[in-house]
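Heads up, the thing below is written out as C-alpha cells.
Computed from a prediction, not measured in an experiment: that's the story for all the values here.
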Amino acid sequence: MSGFNNIVILTGAGISAESGLNTFRASDGLWENHRVEDICTPEALAANRELVLDFYDQRRAALRTVEPNAGHLALARLDREWRGELLIVTQNVDDLHERAGATRLLHMHGELMSALCEECGGRVPFGGAMLDGTVCGQCGAEDRLRPDVVFFGEMPYGMERIEAALAEADLFVSIGTSGAVYPAAGFVQMARHAEIETLELNLERSAGSGWFDETRLGKASQLVPLWVERMLDI
Ligand code: NAD
C-alpha cells in the first residue's frame, strides 16, 4: 500500500477474543463475571486484596491455555517486514502479541506476566500465583507485589512515546477496541488533529467510530491479515 511510512496501531481485547480470552464491554460490561470497579481500581485492591490477586492469578493461568490467532500473527509479520516506523500499542494485558513475534510493542495498560512492587516500584517478570505469596526480585520485600496492570485512575505506561509516535505517524489503525477507555479512546482524535489517515477494524462500530476515515467491520482474524497483505503488497 503506497503512501505510508509511519504506522501506529492500537489493539484492544477484541484481537484476543478469537484466541479464547473474553473481552469485557462487548457483552455485559463485566470482565469474567466481575464488575470493573471490583477488580480494576486501586480502591478494590486496598479493600479486597485477595479477590483482586486471585482474579489476575486466574487470568495469568488462563493465558497458558491459549495461543495467538491469525490477527496477532499478521501484525507480527507486519512488524517484521515493514521498513518504516511502526508501533503496536496494546491495551491488552495478555502476551499474545509478543508470543506471535511482535517486538515494536508497547503495553500501555501493563502486563499479566509482570508484577509491580509496591515497596520499590520495580517491575519484575512474574508467571506464578500472587496468592501463594511473593518476594520482590529487586528489593526482597515479601507480599508486596501486585499485578502490573494499570487500574482505572492510574497513569497508563508510555504516554510520551505514544504521543510522539502519533505525531510522526501518517496512519493510525485501531483494532478490536470498544473506544470506551481513555486515554486510548482519544488517540483517534489526536490522529485527526495531526491530519493523518485513520482506519478502524472491529466487530462492531466503536464509541468513537465517527472519528475514523474508514471502518471495516468483521472478525480480527480475517480483517487484520487482509489489511496486512495490502500493506505489504503481497
Ligand atoms: P472491550 O472489551 O471494551 O471491547 C472489545 C471490542 O472488541 C468491542 O468493540 C468488540 O466489538 C470487539 N471485538 C470482539 N470480538 C472481536 C473480534 N473477534 N474481532 C474484532 N473485534 C472484536 O475492550 P477494550 O476496548 O480493549 O477495553 C478493555 C480494557 O479491558 C482494556 O484496557 C484491557 O486492558 C482490558 N482487557 C484486556 C483483555 C486482554 O488482555 N485480552 C481482555 C479483557 C479486558
Side-chain angles (χ1 to χ4, degrees), residues 11-69 72 76 88-103 105-159 161-162 177 180-184:
T11 68
I15 197 167
S16 296
E18 290 165 81
S19 291
L21 298 178
N22 287 334
T23 62
F24 100 97
R25 269 188 187 64
S27 46
D28 46 13
L30 302 177
W31 189 4
E32 301 288 351
N33 297 322
H34 289 276
R35 294 187 314 157
V36 167
E37 50 272 41
D38 293 337
I39 40 129
C40 279
T41 64
E43 293 77 19
L45 182 67
N48 208 340
R49 193 173 178 90
E50 274 196 12
L51 174 90
V52 174
L53 295 190
D54 182 48
F55 176 82
Y56 290 100
D57 282 351
Q58 287 184 39
R59 303 283 73 72
R60 204 174 297 110
L63 261 192
R64 290 193 208 101
T65 69
V66 300
E67 298 293 334
N69 64 53
H72 301 104
I88 301 169
V89 179
T90 188
Q91 298 168 88
N92 295 344
V93 293
D94 67 54
D95 60 354
L96 295 178
H97 280 304
E98 48 269 56
R99 276 163 58 190
T103 56
L105 176 68
L106 193 161
H107 277 276
M108 67 176 290
H109 290 165
E111 300 172 55
L112 280 173
M113 301 304 287
S114 171
L116 178 66
C117 179
E118 293 168 312
E119 197 65 34
C120 70
R123 303 178 70 191
V124 289
F126 187 86
M130 290 183 182
L131 266 190
D132 294 343
T134 56
V135 176
C136 173
Q138 285 193 18
C139 72
E142 287 182 25
D143 294 324
R144 297 284 284 146
L145 294 183
R146 57 160 269 190
D148 189 9
V149 164
V150 176
F151 290 143
F152 285 94
E154 295 180 332
M155 179 64 86
Y157 290 116
M159 285 304 295
R161 187 174 160 207
I162 296 167
T177 172
V181 180
Y182 278 83

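Across Phe151 and Cys40, no two heavy atoms sit closer than the pair CB-O, 3.2 Å. Minimum heavy-atom separation, Ala13 to Asn92: N-OD1, 2.9 Å. For the pair Pro183 and Met108, the tightest heavy-atom approach, listed with the atom from each and the gap, is CG-CE, 4.2 Å. Across every non-hydrogen atom of Thr90 and His107, the tightest pair is CG2-ND1, 3.4 Å. Closest approach of Ser19 to His72, counting heavy atoms only: OG-CE1, 3.7 Å. Considering all non-hydrogen atoms of both residues, Arg49 and Arg144 come closest at NH2-C, 4.1 Å.
Side-chain atoms of Asp57 come within 3.5 Å of backbone N or O of Leu131 as a donor-acceptor pair. Of the possible donor and acceptor atoms, none in the side chain of Arg60 sits under 3.5 Å from a partner among the backbone N and O of Ala129.
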Full working for side-chain contact (heavy atoms from CB on, under 4.5 Å) between Leu63 and Leu21: CA-CA 8 Å; Leu63 261 192; Leu21 298 178; 4.0 Å; yes
Derivation and outcome, side-chain contact (heavy atoms from CB on, under 4.5 Å), residues Leu116 and Arg123: CA-CA 5 Å; Leu116 178 66; Arg123 303 178 70 191; 4.0 Å; yes
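Rounding to the nearest 0.5 angstrom, the gap separating the CD atom in Glu142 from the OG1 atom in Thr134 is 8.5 Å. A distance of 11.5 Å separates CD of Glu43 from CG of Asp38, quoted to the nearest 0.5 Å. In this structure, the separation between CG on Asn33 and CD1 on Ile39 is 10.5 Å, given to the nearest 0.5 Å. With rounding to the nearest 0.5 angstrom, the CG atom of Leu53 is 6.5 Å from the CG atom of Leu45. In this structure, the separation between CG on Asp148 and CE on Met113 is 12.0 Å, given to the nearest 0.5 Å. Rounding to the nearest 0.5 Å gives a distance of 10.0 Å between CG of Asp95 and CZ of Arg64.
Between the side chains of His97 and Ser16, no donor N or O sits under 3.5 Å from an acceptor N or O.
Judged by the 6.0 Å distance and 45° axis criteria, Arg59 is positioned over the aromatic ring of Phe55.
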